[in-house]
Amino acid sequence: MSTDYHPRRLVNVGAERVSDVASTDFPGHYPGEDHSWDLQKFKQNLHVKIQRLSNRSIDFDLVGVDASIANAFRRILIAEVPTIAIERVYVWDNTSVIVDEVLSHRLGLVPLNVDPAFMQFKTHPDDVATDRNTIVFNVEITCTRNPAAPKGSSDPSELYVNHELLSSHFQWKPAGDQQSVFEGFPTPGPTNPNIVLAKLRPGQAIAMELHAVKGVGKDHAKYSPVATASYRLLPHIKIKKPIPPALAEDFQKCFSPGVITINPATKQVSVDEENVRKDSVSREVLRRPEFADSVELTRVRDFFLFNIETESAYTPERLFPEAVKVMREKISVIRGAVEALKAQLEGTGAGDVEMTDA
Amino acid sequence: MAEPIPKIKILQGAAADLSAATYQIHDESHTIGNALRWMLMKNPKVEFCGYSVPHPSENVINVRVQMYDNLSSLDALTKALDNLDNLCETVEDAYLESLRTDEFERWEEKS
């Protein structure tokens with residue numbers, strides 16, 4: 001990887017301030033330079049590279065886009081990629097110590113494994129529930145004493161039967177053609193079966209019907225498909241003056257582990273370009289008078305290190321494409337409205353126009 | 001009440017030829033606002049572009065566009081939206097390409 005970035009791409013990190021934060025690649029900013037939008041140029045400069053992928057999270061680099069674009073994707077991931085969550089709870093019986101509304105709230109937060117692609121949005125919250133927009137679960141549990149409990153035991157799991165309401169107690173009640181739709185896919189239920197929702201004692205019971213619908217994170221955080229979706233800028237470290245061999249280890253300790261390498265023979269320090277991304281940019285090195293003038297800390301303005309953790313039915317690698325899809329849908333809706341507005345203005349002759357929806 | 005809210009409308013004070021206008025886009029936020037502002041600013045014919053969320057409890061953004069040479073800001077808006085869509089497509093393709101062909105670390109995470 002090249003270690004030299006164009007100075008215009010760097011954001012300066014000082015001891016107490018940051019500078020050169022805003023991007024300057026706009027037409028008219030630099031006389032004689034063309035910075036107008038050019039798709040071909042953008043394609044050439046764009047680099048996307050997946051770094052790590054697990055069953056729950058993904059790390060990737062998005063290089064060559066403006067912060068406004070990267071931020072749009074991040075915001076969409078958190079607030080506008082749809083998921084399925086429990087929205088309505090019909091309580092037939094609840095004699096547990098947790099009151100209905102608190103328990104209902106807890107139920108809503110349980111992540112479900114239902115792929116949102118199978119479901120439609122309810123156009124209005126009071127719409128009739130259908131097999132296309134609602135998934136129904138039943139919960140029925142009664143706590144009793146365990147007659148076979150060992151003598152002298154004080155462990156509730158030995159003393160009682162059903163002393164906890166767990167997410168695994170959700171029983172899917174297929175309606176309409178749901179049975180065939182979900183054939184071959186995991187049975188609708190929680191992604192994690194071990195979430196404790198309420199504790200019970202003998203004689204207490206819970207009986208409820210749960211309705212799960214499709215929603216987005218901006219309506220309620222329970223619909224957010226991600227645990228975190230964040231990015232940071234790639235750190236870039238420039239050593240301007242040689243570091244005295246006697247201080248090499250001190251210097252190394254100013255950075256995150258692995259960022260600075262010391263040549264064992266010469267005690268010369270250098271930046272490990274593969275590992276600079278690990279640096280936390282703590283600026284410790286700038287607090288040291290002996291080092292402050294020898295090093296320049298920067299970040300690369302258009303080099304985004306994304307980290308996305310899924311907490312939903314989506315696999316981590318699917319989340320980003322879903323966010324792009326949502327973004328493009330938004331653009332197309334506005335585009336349609338702009339076209340309609342234009343047609344309307346041309347039809348009536350520009351001026352006072354009565355606005356109606358397209 | 002029953003009247004549907006328009007997705008986009010031109011606020012009072014726009015130039016008759018729309019070379020300068022403020023557009024109010026309903027049900028949008030910084031997500032589209034900032035991205036669209038950036039893409040409009042990439043157009044050399046745009047003299048000025050800025051956006052605001054006038055109030056956090058009103059679900060709208062105002063996008064102000066002023067053009068050079070008395071050009072139509074509505075055309076610039078259309079072009080910016082098209083460019084933004086191309087950008088999204090390019091980013092998505094690059095991401096999927098990397099997912100398909102690049103080598104990367106795979107690991108197992110406990111939940």
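Note on naming: letters A, B, ... go to the chains in the order of the sequence lines (proteins, then strands), and numbering restarts at 1 for each one.
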Where does [X] contact chain B at under 4.5 Å (heavy atoms): side chain, backbone, both or neither?
{"X": "Asn55(A)", "value": "both"}
{"X": "Ile331(A)", "value": "both"}
{"X": "Asp25(A)", "value": "both"}

Which one of Lys218(A), Lys49(A), Glu311(A) has the most heavy-atom pairs closer than 4.5 Å to chain B?
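Counting heavy-atom pairs under 4.5 Å, the top option is Lys49(A).
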Are Phe104(B) and Phe60(A) close enough, and set up right, to give a side-chain contact (heavy atoms from CB on, under 4.5 Å), and what steps lead you there?
CA-CA 10 Å; Phe104(B) 47 84; Phe60(A) 64 93; over 6 Å; no
Ion pair check, Asp85(B) and Arg335(A), cut-off under 4.0 Å
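Looking at Arg335(A) together with Asp85(B), the answer is no, because their closest N to O distance does not fall below 4.0 Å.
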Can you find a pair of side-chain heavy atoms, one from [X] and one from [Y], that are under 4.5 Å apart?
{"X": "Trp37(A)", "Y": "Met39(B)", "answer": "yes"}
{"X": "Met327(A)", "Y": "Ile32(B)", "answer": "yes"}
{"X": "Glu92(B)", "Y": "Arg328(A)", "answer": "yes"}
{"X": "Phe320(A)", "Y": "Val91(B)", "answer": "yes"}
{"X": "Ser29(B)", "Y": "Arg75(A)", "answer": "yes"}

Could you tell me which of Asn83(B), Leu96(B), Leu77(B) has the largest number of non-hydrogen atom pairs under 4.5 Å with chain A?
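Among the listed options, the one with the most contacts to chain A is Asn83(B).
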Using a cut-off of under 4.5 Å for heavy-atom pairs, which of Glu97(B), Glu103(B), Glu89(B) has the most such pairs with chain A?
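Result: the option with the highest number of such pairs is Glu89(B).
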Which atoms of Leu74(B) are under 4.5 Å from chain A, going by heavy atoms: the side chain, the backbone, both sets, or neither?
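For Leu74(B), heavy atoms of backbone and side chain both lie under 4.5 Å from chain A.
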Heavy-atom proximity to chain A below 4.5 Å, by part of His30(B)
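For His30(B), heavy atoms of backbone and side chain both lie under 4.5 Å from chain A.
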So, for Thr31(B) and Ala72(A), which heavy atoms are closest and what is the spacing to 0.1 Å?
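Result for this residue pair: O-CB, 3.4 Å.
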Which heavy atom in Cys88(B) sits nearest to a heavy atom in Val324(A), and how many Å separate them?
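Where Cys88(B) meets Val324(A) most closely, the heavy atoms are O-CG1, 3.5 Å.
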Give the intermediate values and the outcome of side-chain hydrogen bond (donor to acceptor under 3.5 Å, both in side chains) for residues Ser57(A) and Glu109(B).
CA-CA 8 Å; Ser57(A) 68; Glu109(B) 202 170 352; 2.9 Å; yes
Please determine which of Val48(A), Val65(A), Leu46(A) meets the side-chain contact (heavy atoms from CB on, under 4.5 Å) test together with Thr90(B).
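Result for side-chain contact (heavy atoms from CB on, under 4.5 Å) with Thr90(B): Leu46(A).
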Hey, is the main chain of Ile50(A) close enough, under 3.5 Å, to the side chain of Ser98(B) for a donor-acceptor pair?
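Yes: the side chain of Ser98(B) pairs with the backbone of Ile50(A).
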Please answer whether the main-chain N or O of His35(A) pairs with a side-chain N or O of Lys42(B) as donor and acceptor at a distance below 3.5 Å.
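Yes, Lys42(B) side chain to His35(A) backbone: donor-acceptor pair under 3.5 Å.
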